[in-house]
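Just so it is clear, the structure is predicted and the values come from calculations on it, not from any experiment. Chain naming here is simple, since letters A, B, ... match the order of the sequence lines and numbering starts at 1 in each.
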Protein chains: 2
Amino acid sequence: MMQYFNFSAGPSTLFPEVIEQIKNDIGNWNNTHCSVFEYGHRTPEFTAFAKQMEQDLRDLLNIPDDYAVLFLHGGGRGGFDTVPLNMPQKHKKALYLISGHWSRESAKQAEKYIEVKNAAYVDDQFKRTKNDWTAESADCDYVYYCSNETIEGIETFDPPVISPNAYLVCDMSSDILSRPVDVSKFDVIYAGAQKNIGASGVAIYIVKKSLLGFAAPYCPEIFDWKINYENDSMYNTPATFSWYTCALTFQHLKKQFGNLANLEQVNINKANHFYNYLDQQDYYSNRVDPAVRSRMIVSFTTGNAELDTLFVQQAKQAGLLSLKGHRVYGGLRAAFYNAVSFEAVKALIAFMQDFAQKNPK
Amino acid sequence: MMQYFNFSAGPSTLFPEVIEQIKNDIGNWNNTHCSVFEYGHRTPEFTAFAKQMEQDLRDLLNIPDDYAVLFLHGGGRGGFDTVPLNMPQKHKKALYLISGHWSRESAKQAEKYIEVKNAAYVDDQFKRTKNDWTAESADCDYVYYCSNETIEGIETFDPPVISPNAYLVCDMSSDILSRPVDVSKFDVIYAGAQKNIGASGVAIYIVKKSLLGFAAPYCPEIFDWKINYENDSMYNTPATFSWYTCALTFQHLKKQFGNLANLEQVNINKANHFYNYLDQQDYYSNRVDPAVRSRMIVSFTTGNAELDTLFVQQAKQAGLLSLKGHRVYGGLRAAFYNAVSFEAVKALIAFMQDFAQKNPK
């Protein structure tokens with residue numbers, strides 16, 4: 001039987017064990033005789049399940065007690081507005097560190113609400129410029145960055161150094177749970193689920209509790225962090241299926257890897273294996289400076305648009321799915337999220353070698 | 001084998017045929033070798049599927065070409081803010097017709113943005129007050145009502161008569177697709193999916209195209225109707241599993257009932273059967289005036305909180321699920337949405353008769 005490997009950048013592959021559980025639960029989740037998405041979110045069964053989901057995430061990320069954990073509507077892009085709508089605004093000014101497409105987009109949205117200082121965190125050579133932004137952030141309410149840019153394949157492993165006057169906000173949509181993170185260094189972490197966690201339809205917010213209660217008067221209530229905290233993120237009906245897939249993934253991560261340090265090692269091995277191959281050949285190229293190469297997602301290209309298209313087609317026939325680059329960037333792209341196995345990375349490399357041999361430039 | 005019937009008010013039961021399809025598709029949707037929620041929303045397979053979903057909804061509701069159809073994040077409650085954030089505001093004033101809990105809640109949210117005139121559409125005796133609001137709406141940008149109130153079980157079948165100067169907005173979250181509706185009488189119709197359509201995580205907006213482009217400057221972009229229209233509702237990653245369940249339901253409705261007039265007859269039969277029983281006994285009571293009794297959802301009570309609790313417990317043991325009233329109203333509640341069969345209604349009545357006999361008051 002042919003094996004299939006899904007490298008989709010999002011919505012993305014889930015662990016086979018999670019998929020198996022989802023299939024088993026259709027029609028009778030948790031002995032309710034209903035599918036989870038046919039069952040009330042305020043039932044004892046679902047609320048207990050949701051509570052355990054939060055606890056599992058807290059365990060995995062070691063989230064301190066003075067942080068709220070919210071599961072909201074709106075996906076990752078919802079956060080582009082939700083963050084400025086909820087952050088305290090003493091200076092009405094924020095520093096956005098631009099490392100690629102998504103941080104640039106989020107800065108653009110924030111400009112609707114506050115003054116935004118854009119600063120290149122990663123330059124046009126795809127190199128990180130600097131890590132200390134203390135001076136630039138002294139008059140800002142917060143500093144915002146995106147730890148992993150999925151379009152360029154750029155990952156920032158260490159949080160920037162900022163002024164003690166400013167809060168630190170991070171969009172971790174595409175590398176959350178891929179490695180341990182010291183949550184106490186951040187004031188807000190948020191992430192859409194559909195890359196490294198579960199089905200799209202939910203975004204996770206980890207917010208220092210002292211930051212609850214500053215929502216702008218025109219903040220839609222379903223995006224108000226305090227209202228959602230006080231209502232266990234059930235102020236409105238959650239996307240229950242999406243929550244459920246997140247919960248299953250958290251359970252699986254705990255069971256399979258124990259902790260994120262173990263999982264990080266697997267992700268390092270996958271990424272190293274791929275970049276080692278990339279560096280020892282010249283058929284495929286990748287622009288990103290090795291210091292900020294993403295472990296989670298790689299953009300690469302043959303340098304020839306027709307060959308790239310052929311690559312995507314033939315890869316699909318060979319069972320290697322969703323390798324087309326993002327529409328704003330083109331080329332090729334492979335996600336190596338948690339649920340993508342080492343075996344999948346090896347299969348991709350084998351295909352790349354074969355394709356290069358058969359299609360000389 | 002015991003039969004189970006799910007009367008959940010939302011998230012609610014889906015058609016057995018839809019559940020079967022979902023189960024079959026896990027792991028290999030549409031020959032992609034991925035589950036639908038593991039697959040990119042911008043792929044040819046998913047975009048074609050989404051296009052057909054919109055067409056099926058247009059067919060079912062006979063939506064004229066000058067209306068946009070949007071599938072957004074935020075559920076029904078998201079609409080409480082999305083509507084005032086997007087409606088043209090010449091007078092900065094709107095008339096909200098209050099028929100129960102949800103219209104009251106939506107009026108409260110609209111007050112963050114504009115002046116809101118609240119008018120009792122249904123009085124304290126659960127009777128409709130009047131249908132002609134021409135005078136009261138002459139200085140308003142729009143008139144808003146909720147066609148079905150799920151907590152009280154009140155349904156408004158005819159749209160209110162309003163001033164030609166005002167637009168008409170309707171929250172149809174819990175009775176959309178239960179009967180034919182003349183869309184051209186409305187300017188905006190919106191509905192959360194998780195009652196009469198599919199899994200939670202998506203809200204449907206049917207918006208006259210001339211109303212696109214009036215979003216407030218502080219409207220989150222994922223709620224901006226025009227942006228979403230221009231991007232086929234994929235400006236941000238949709239809750240793809242929720243979309244998929246909606247699409248399967250639309251397909252099923254077309255196949256099973258052909259059109260909404262046929263489906264309406266089934267819903268009338270179900271409701272009549274239940275209310276006929278209710279009217280010929282005095283163990284259970286329901287306050288709603290027969291003229292505005294909901295076909296979709298019934299609130300009733302034994303009049304005794306302990307008996308109501310016992311009823312819910314014993315009904316569950318008998319396979320009749322999710323009959324507890326809403327937390328703000330108490331008592332008992334049964335949804336008779338499209339996917340709830342006549343058989344389920346009969347089973348509920350049989351249980352009610354048995355319970356009344358065994359538990360004299």
Side-chain angles (χ1 to χ4, degrees), chain A residues 2 4 6 8-14 19-20 22-23 26-27 32-43 73-78 80-82 85 109 112-113 192 194 198-202 216-223 235-242 245 319 321-322 324 327, chain B residues 2 4 6 8-14 19-20 22-23 26-27 32-43 73-78 80-82 85 109 112-113 192 194 198-202 216-223 235-242 245 319 321-322 324 327:
Chain A
M2 189 158 160
Y4 294 91
N6 178 5
S8 176
S12 311
T13 194
L14 305 189
I19 294 296
E20 194 59 29
I22 294 170
K23 186 152 192 155
I26 301 278
T32 59
H33 307 285
C34 302
S35 308
V36 64
F37 48 85
E38 299 177 289
Y39 207 62
H41 53 296
R42 296 196 195 280
T43 55
H73 284 262
R77 202 180 259 273
F80 297 177
D81 291 271
T82 307
L85 280 168
Q109 291 316 309
K112 296 192 303 204
Y113 310 102
Q194 72 272 12
S200 56
V202 57
Y218 42 77
C219 178
E221 55 175 356
I222 67 163
F223 284 161
Y235 188 62
N236 64 331
T237 310
T240 50
F241 178 79
S242 308
T245 60
L321 310 174
S322 299
K324 194 178 164 194
R327 70 209 151 95
Chain B
M2 188 155 160
Y4 294 91
N6 177 6
S8 176
S12 311
T13 193
L14 304 189
I19 294 296
E20 194 58 29
I22 295 170
K23 186 150 191 158
I26 302 277
T32 59
H33 307 285
C34 303
S35 309
V36 65
F37 47 86
E38 299 177 288
Y39 207 62
H41 53 296
R42 295 194 195 281
T43 56
H73 285 263
R77 203 182 258 272
F80 297 178
D81 291 90
T82 307
L85 280 167
Q109 291 315 310
K112 295 191 305 203
Y113 310 102
Q194 72 272 12
S200 57
V202 56
Y218 43 77
C219 177
E221 55 176 357
I222 66 162
F223 283 161
Y235 189 62
N236 64 331
T237 310
T240 49
F241 178 79
S242 307
T245 60
L321 310 174
S322 299
K324 195 177 164 194
R327 70 208 152 94

| field | Under the side chain to side chain donor-acceptor pair (under 3.5 Å) test, residues paired with B:Ser35 that sit two or more places apart | value | B:Glu38

| message | Report which part of A:Thr82 has an atom under 4.5 Å of a heavy atom belonging to chain B: side chain, backbone, both, or neither. | response | neither

| remark: When the 4.5 angstrom heavy-atom criterion is applied to A:Glu221 and chain B, the contacting part is both

| CD1/B:Ile19 to CZ/A:Phe37 distance, rounded to the nearest 0.5 angstrom? | 4.0 Å

| query | Under a 4.5 Å heavy-atom cut-off, does chain A meet the side chain of B:Tyr218, its backbone, both or neither? | reply | both

| message | Below 4.5 Å, heavy-atom pairs only: which of A:Gly74, A:Gly75, A:Ala199 has the largest tally toward chain B? | response | A:Gly74

| request: State the CD-CG distance between B:Gln194 and A:Asn236, to the nearest 0.5 angstrom. | output: 8.5 Å

| task | Under 4.5 Å heavy-atom distance to chain B, tell me which part of A:Pro217 shows up: side chain, backbone, both or neither. | result | backbone

| query | What part of A:Tyr4 gets closer than 4.5 Å to chain B, counting heavy atoms only: side chain, backbone, both or neither? | reply | side chain

| field | Pairs of heavy atoms under 4.5 Å with chain B: top-ranked of A:Ser12, A:Gly10, A:Ser322 | value | A:Ser12

| request: Please state whether the side chain, the backbone, both or neither of A:Tyr39 comes within less than 4.5 Å of a heavy atom of chain B. | output: both

| field | Structural part of B:Ser8 lying under 4.5 Å from a heavy atom of chain A | value | side chain

| field | Partners meeting ring-ring contact (aromatic ring centres under 6.0 Å, His included) with B:Phe223 (sequence neighbours left out) | value | A:Phe223

| remark: Most heavy-atom pairs under 4.5 Å with chain B, out of A:Lys112, A:His73, A:His33, belong to A:His33

